[in-house]
Amino acid sequence: QVQLVESGGGLVQAGGSLRLSCAFSGRTFSSYAMGWFRQAPGKEREFVATINWSGSSTYYADSVKGRFTISRDNVKNTVYLQMNSLKPEDTAVYYCAAGGYDSVYPTQYNYWGQGTQVTVSS
């Protein structure tokens with residue numbers, strides 16, 4: 001069974017940076033596309049970024065484009081989300097997910113992590 005464990009969340013001031021990590025285990029990591037989603041209190045889960053199995057293709061939500069970078073290491077079985085120029089509106093629980101396709105839709109992902117809290121203070 002696939003397991004995903006996120007880490008790297010925390011409290012940061014606006015304009016700061018954080019790097020989230022998601023460790024994958026249980027299956028062949030390079031067989032899966034990976035995605036990052038986030039959910040703020042009282043809001044639906046929203047797409048942040050996705051990367052294909054090889055790392056050759058990435059796609060971002062407009063709200064994070066130019067500030068966030070998704071990457072993966074198929075040797076370390078880990079996907080990353082580098083977040084720069086953070087804004088208070090980026091505050092949310094961030095989830096990584098694994099699926100067959102690099103999709104923006106959460107329903108296309110089969111496995112989810114438990115989430116890590118990111119709080120950006122103004």
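- For the pair T116 and L20, the tightest heavy-atom approach, listed with the atom from each and the gap, is CG2-CD2, 4.0 Å.
- Between the side chain of N74 and the main chain of W53, a donor-acceptor pair closer than 3.5 Å is present.
- A92 approaches A40 most closely through the heavy-atom pair CB-N, 3.8 Å.
- At most 12 heavy atoms of other shown residues, nucleotides or ligands fall within 6.0 angstrom of atom OH in Y59.
- In terms of modelled atom types and a separation under 3.5 Å, the side chain of R19 and the main chain of Q82 share no donor-acceptor contact.
- Cation-pi geometry between R38 and Y95 is not met: the NZ or CZ atom fails to fall both under 6.0 Å from the ring centre and inside 45° of the normal.
- Using cut-offs of 30° and 60° on the angle between ring planes, the pair Y109 and F37 is perpendicular.
- Listed by chain and number, the residues in a side-chain hydrogen bond (donor to acceptor under 3.5 Å, both in side chains) with S17 are N84 (sequence neighbours excluded).
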| request: Please lay out, stage by stage, how I51 and V79 fare under the test side-chain contact (heavy atoms from CB on, under 4.5 Å). | output: CA-CA 9 Å; I51 188 167; V79 62; 4.2 Å; yes
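- The local environment of CD in Q3 is sparse, with at most 12 non-hydrogen atoms from other residues, nucleotides or ligands closer than 6.0 Å.
- N77 places no side-chain N or O within donor-acceptor distance of the main-chain N or O of F29, the cut-off being under 3.5 Å.
- Closest approach of Y60 and A49 over heavy atoms only: CD2-CB, 3.6 Å.
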| request: Apply side-chain contact (heavy atoms from CB on, under 4.5 Å) to V2 and N110, showing your working. | output: CA-CA 9 Å; V2 170; N110 306 103; over 6 Å; no
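- Between D62 and K65, at least one side-chain nitrogen of the basic residue sits less than 4.0 Å from a carboxylate oxygen of the acidic one, meeting the salt-bridge criterion.
- A cation-pi geometry, defined here as NZ or CZ lying under 6.0 Å from the six-membered ring centre and within 45° of its normal, does not hold between R72 and Y80.
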| said: Let's go through L81 and V48 carefully: what are the C-alpha distance in whole Å and the side-chain angles of both, what is the deciding distance for side-chain contact (heavy atoms from CB on, under 4.5 Å) to 0.1 Å, and is it a yes or a no? | reply: CA-CA 9 Å; L81 186 68; V48 175; 4.1 Å; yes
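- Under a 3.5 Å cut-off, the side chain of E6 and the backbone N or O of Q114 do form a donor-acceptor pair.
- Of all heavy-atom pairs between A14 and S122, the closest is CB-CA, 4.4 Å.
- W112 carries R45 over the face of its six-membered ring, with the cationic atom under 6.0 Å from the centre and within 45° of the normal.
- With hydrophobic clusters built from ILVMFWY side chains whose heavy atoms lie under 4.5 angstrom apart, Y101 does not share a cluster with V104.
- Taking the six-membered ring where tryptophan is involved, the planes of Y32 and F24 are tilted, since the angle between them lies from 30° to 60°.
- Side-chain contact of T28 with S30: a donor-acceptor pair under 3.5 Å is absent, judged by distance alone.
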| field | Check against side-chain contact (heavy atoms from CB on, under 4.5 Å), L86 and F68 | value | CA-CA 9 Å; L86 282 161; F68 290 11; 3.8 Å; yes
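- T78 contributes no side-chain N or O that, together with a main-chain N or O of D73, makes up a donor-acceptor pair within less than 3.5 Å.
- Hydrophobic clustering keeps L4 apart from F47 (ILVMFWY residues linked when any side-chain heavy atoms are closer than 4.5 Å, directly or through intermediates).
- Note on V12: it clusters hydrophobically with M83, by side-chain heavy-atom contacts below 4.5 Å among ILVMFWY residues.
- Looking at M34 and N52, their side chains never come closer than 4.5 Å, going by heavy atoms from C-beta outward.
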